[in-house]
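I have placed the structure first, in the form of C-alpha cells, so that the comments after it can refer back to it.
Source: prediction; values computed, not measured. All ligand and atom numbering here is 1-based and tracks the order in the structure.
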Amino acid sequence: MAKKDLFDEIIECLKMQALVSPDTSVSPEVCREFFSDVEKPRRAPVPPRRIPPVSSGSDHASGPAPFVRPSPAPAQRVAAPAPSVRRQTPAPEGKTPDKMNWDELYDAVSACHACKLCATRTNTVFGDGNPNADLMFLGEAPGADEDLQGLPFVGRAGELLTRMIGAMQFNRAEVFIANTVKCRPPNNRNPEPDETEACRPFIMRQIELIRPKVIVMLGAVPLRLLFPEVRAGITRLRGNWMDYHGIRVMPTFHPAYLLRNPAAKADVWKDLQQVMAVFGKKHIPRRRA
Ligand code: URA
C-alpha cells in the first residue's frame, strides 16, 4: 500500500472527526471532496465563458462576481513580436495594470509580450480560485502542466498543494492561487530578474484587487518579489509572519521542495496551522486508541 503523506493523514483525521462529531469545523465541501477516495481525474479545460466584471478597488463588501476562467489556448507557441511592436506591461487602451479591473488585467496578461517568456509559452497562467479570497497562495512560476492547461499548480506539486489546502480545511475554489510570473520559464528554471520585474505589476494588482487577509508565500521566488530588501532566505524566514502593506504573509517551503524533502512537511504543517488560526480553524489531532 502506498505510504500516506502527512497531509493525507491530516485529511483522514478530519474525515474521522467529521464522522464522530458532525458539528466539526470541517466544511461540508471539504468533507465531500475527501470522502471520495477515488483519485480525481486531472481537470479538463473548461469551455469558454465570459468573465463577469469585477469592480476595481478592493471592495469585498459588494461581493464581486466569481471569476469564470476562459478555456486555455490550444497548445501552440506564441511567437515573440518584433521589438518595435512589443508592448511593455502597460496594456490595451494605454491603461497600466495598477488602474485595471480584474477583466482588463486578465486580458492584459493573456496578451502580454513584456518579457522573453512569451516566446516559449503555450498559455499564460493568470491564477485560479476566488478573486475575493481571504487566503491567497503565491507560488513561483508555471511548469509544463500549468503551461498546457493555463492553470496554476496542476502538476505533482499542485496535487500536494491541493492536499495542503484541504488539510487547512479550505478548498481550492475558496482561495486564490497565483504565481510570481504568468508564463513558464523554459526547462522549469527559476524566473530571471527581468522576468519577475516585467510581471510584477500584474501580481501586485491582483493582490491589490483581491486584498486577501493572508498570503501564503511558497518558496524563495515570491519572497524576493514581495520583500526585495530582505536578505534572509526562506529557510530562515519560514514560519515567521511578515507584513506586506497590511496583509499578513506566511513564508513557507514550496510544495516542489516538499516532494524532494518530505521531512520538511512537518515544518510546513506548523506554518499552515498558524494561518489556520487566523481563520479560527484548528486541527484536532487523532485520538490514540
Ligand atoms: N510551481 C509553481 O510555483 N507554480 C505552479 O503553478 C506550479 C508549480
Side-chain angles (χ1 to χ4, degrees), residues 5 7 40 42-46 67 69 71-73 75 105-106 109-110 112 115 117-118 120-131 133 135-166 170-173 175-193 195-200 202-204 206-207 210 212 215-227 233-235 237-238 249-262 264-265 268 271-272:
D5 178 73
F7 298 107
K40 279 200 276 166
R42 287 277 172 86
R43 282 208 242 177
V46 290
F67 174 46
R69 185 191 322 114
S71 64
L105 200 61
Y106 185 94
V109 166
S110 305
C112 181
C115 83
L117 294 183
C118 68
T120 48
R121 75 177 177 225
T122 307
N123 286 291
T124 53
V125 180
F126 182 71
D128 192 27
N130 177 1
L135 177 57
M136 178 170 180
F137 290 80
L138 185 54
E140 298 183 349
D145 293 302
E146 292 76 19
D147 175 64
L148 281 176
Q149 295 190 41
L151 292 170
F153 282 98
V154 287
R156 276 188 70 222
E159 282 168 13
L160 180 55
L161 178 63
T162 304
R163 296 211 300 281
M164 288 159 61
I165 293 170
F170 284 93
N171 61 49
R172 279 183 68 121
V175 304
F176 197 81
I177 305 174
N179 281 308
T180 307
V181 295
K182 307 295 184 197
C183 299
R184 180 194 183 200
N187 304 318
N188 295 343
R189 64 162 169 75
N190 277 349
E192 291 171 353
E195 295 157 358
T196 42
E197 277 317 302
C199 234
R200 174 187 288 277
F202 293 136
I203 188 64
M204 295 299 146
Q206 277 182 309
I207 292 173
I210 298 167
I215 298 175
V216 176
M217 207 165 49
L218 302 166
V221 173
L223 171 65
R224 291 285 154 260
L225 179 88
L226 296 188
F227 301 95
I234 192 74
T235 309
L237 293 176
R238 63 141 278 276
V249 175
M250 175 53 69
T252 196
F253 292 130
H254 191 284
Y257 174 81
L258 297 182
L259 291 174
R260 297 190 301 273
N261 301 281
K265 284 176 186 169
V268 170
D271 306 344
L272 298 182

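For the pair V181 and F202, the minimum side-chain heavy-atom distance is 4.5 Å or more. Residues P255 and F153 form a side-chain contact, since some pair of their non-hydrogen atoms from C-beta on lies under 4.5 Å apart.
Using a 4.0 Å cut-off between heavy atoms, A141 contacts ligand 1 through its backbone alone, with no side-chain atom that close. When heavy-atom distances to ligand 1 are checked against a 4.0 Å cut-off, E140 comes that close through both its backbone and its side chain.
Residue contact check: H254 has heavy atoms under 4.0 Å from atoms 1 (N), 2 (C), 3 (O) of ligand 1. Each of the following atoms of ligand 1 lies closer than 4.0 Å to a heavy atom of P152: 6 (O).
Distances between N or O atoms of G139 and those of ligand 1 include no value under 3.5 Å.
Not a single donor-acceptor pair under 3.5 Å links the side chain of T124 to the backbone N or O of G150.
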Start with the C-alpha gap between V268 and F7, add the side-chain angles, then the distance that decides, and say whether side-chain contact (heavy atoms from CB on, under 4.5 Å) holds. CA-CA 10 Å; V268 170; F7 298 107; 4.2 Å; yes
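Residue E195 forms a salt bridge (charged side-chain N to carboxylate O under 4.0 Å, His left out) with just one option from R224, R189, R200, R184, and that option is R189.
Scanning the protein for heavy atoms near atom 4 (N) of ligand 1, the closest one is N179 OD1, 2.7 Å.
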